[in-house]
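Below you'll find the structure, written out as structure tokens, and then a few comments.
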Amino acid sequence: MNDVFIYWDNSNIFIGAQDVAVDREGESARSRVRIHFPNMLKLAHAGQTVRRAVAAGSVPPELRSVWNRLENSGVEVRLLERGTLYGREQGVDQILQTEMLRDGFDNNGDPGTVVMLTGDGAGFLDGVGFHADLSRMQKRGWRIEVVSWKYSCNRRMREWAQQYGVFVALDDFYDSITFLEHPRPGDPVGDPRLSVSIDLSKRQLAD
């Protein structure tokens, strides 16, 4: 199978974007940077056929409408409201890991490409977490592509992805996959910024 299965940990990706925004555009960008969902999705699949795409994150209820555009693109969205009983990060991670393992089991005889959008590689030595599940799938013939910010990605997972698949540094596509909103009242002064068209010529694909 040449199809891709995308798993998108938006909480992790967004936090990394805030840090990169500060480095590139100053402290005022931290509260105003946003992910450009359509371009991020284009970067994730890079023109390959998408069999399934699942995104998970946590948002205040009033921001749920922001995700509608992603759902309209065919992405399955799983949202947790902040302050849930079991904690934001744990719940988001478990949602995505469950979907990964189900797809890995259901397509075990004809694996495709896993595109994992996260830098969270915690738990590998204990056999849990994204890195451990990616390793399980890789051993069963799945091709691996990890898409994350270079310096916020777990080093072990990044090096593993470079050895067994592809590591895509979001830093190389920053101007396309993020934009800056107008400052809100009380925020530091700063100019808005639109995203630019994404150039996928530098986007490596797993063999």
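Atoms considered below: every heavy atom in the structure, side chains included; atoms not considered: hydrogens, waters and symmetry mates.
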| said: How long is the straight-line distance from CD of Q18 back to CZ of R30, given to the nearest 0.5 Å? | reply: 6.0 Å

| message | Taking the six-membered ring of F173 as reference, does the cationic atom of K42 (NZ for Lys, CZ for Arg) lie under 6.0 Å from its centre and within 45° of its axis? | response | no

| said: Do R52 and V4 make a side-chain contact, defined as non-hydrogen atoms from C-beta onward lying under 4.5 Å apart? | reply: no

| field | Main-chain N/O of I13 paired to W149 side chain as donor or acceptor, under 3.5 Å | value | yes

| task | Please say whether more than 12 non-hydrogen atoms of neighbouring residues, nucleotides or ligands are located less than 6.0 Å from OH in Y164. | result | no

| query | Hey, is CZ on R156 packed in by over 12 heavy atoms from elsewhere, all under 6.0 Å? | reply | no

| query | Do you know which two heavy atoms are closest between F167 and Q204, and how far apart they sit? | reply | O-OE1, 4.5 Å

| task | Considering only NZ, NE, NH1 and NH2 on the basic side and carboxylate oxygens on the acidic side, decide whether E145 and R143 come within less than 4.0 Å. | result | no

| Checking side chain to side chain donor-acceptor pair (under 3.5 Å) for the pair R193/T178: CA distance, chi angles, key distance, verdict? | CA-CA 9 Å; R193 174 181 61 79; T178 67; 2.8 Å; yes

| query | Counting N and O atoms only, with roles assigned by atom type, does the side chain of D175 sit under 3.5 Å from a partner on the main chain of V196, one being a donor and the other an acceptor? | reply | no

| query | Counting only heavy atoms not in D106, do more than 12 sit closer than 6.0 Å to its CG atom? | reply | yes

| query | Does the pair D103 and Y7 meet the rule for a side chain to side chain donor-acceptor pair (under 3.5 Å), with working shown? | reply | CA-CA 11 Å; D103 289 337; Y7 307 98; 2.6 Å; yes

| request: Step through it carefully: locate the ring centre of W160, locate the ring centre of F124, and say whether they are under 6.0 Å apart. | output: no

| task | Report yes if the side chains of I198 and I177 come closer than 4.5 Å at any heavy-atom pair, otherwise no. | result | yes

| task | Using a 4.5 Å cut-off on heavy atoms from C-beta on, say whether the side chain of L43 contacts that of L200. | result | yes

| message | Between N10 (side chain only) and I35 (backbone N and O only), is there a donor and an acceptor less than 3.5 Å apart? | response | no

| request: Taking all non-hydrogen atoms of both residues into account, name the closest pair between A122 and N154 and its distance. | output: N-ND2, 4.4 Å

| message | As a test of understanding, state which of V77, L70, V54, T118 forms a side chain to side chain contact (heavy atoms under 4.5 Å, CB included) with W8. | response | L70

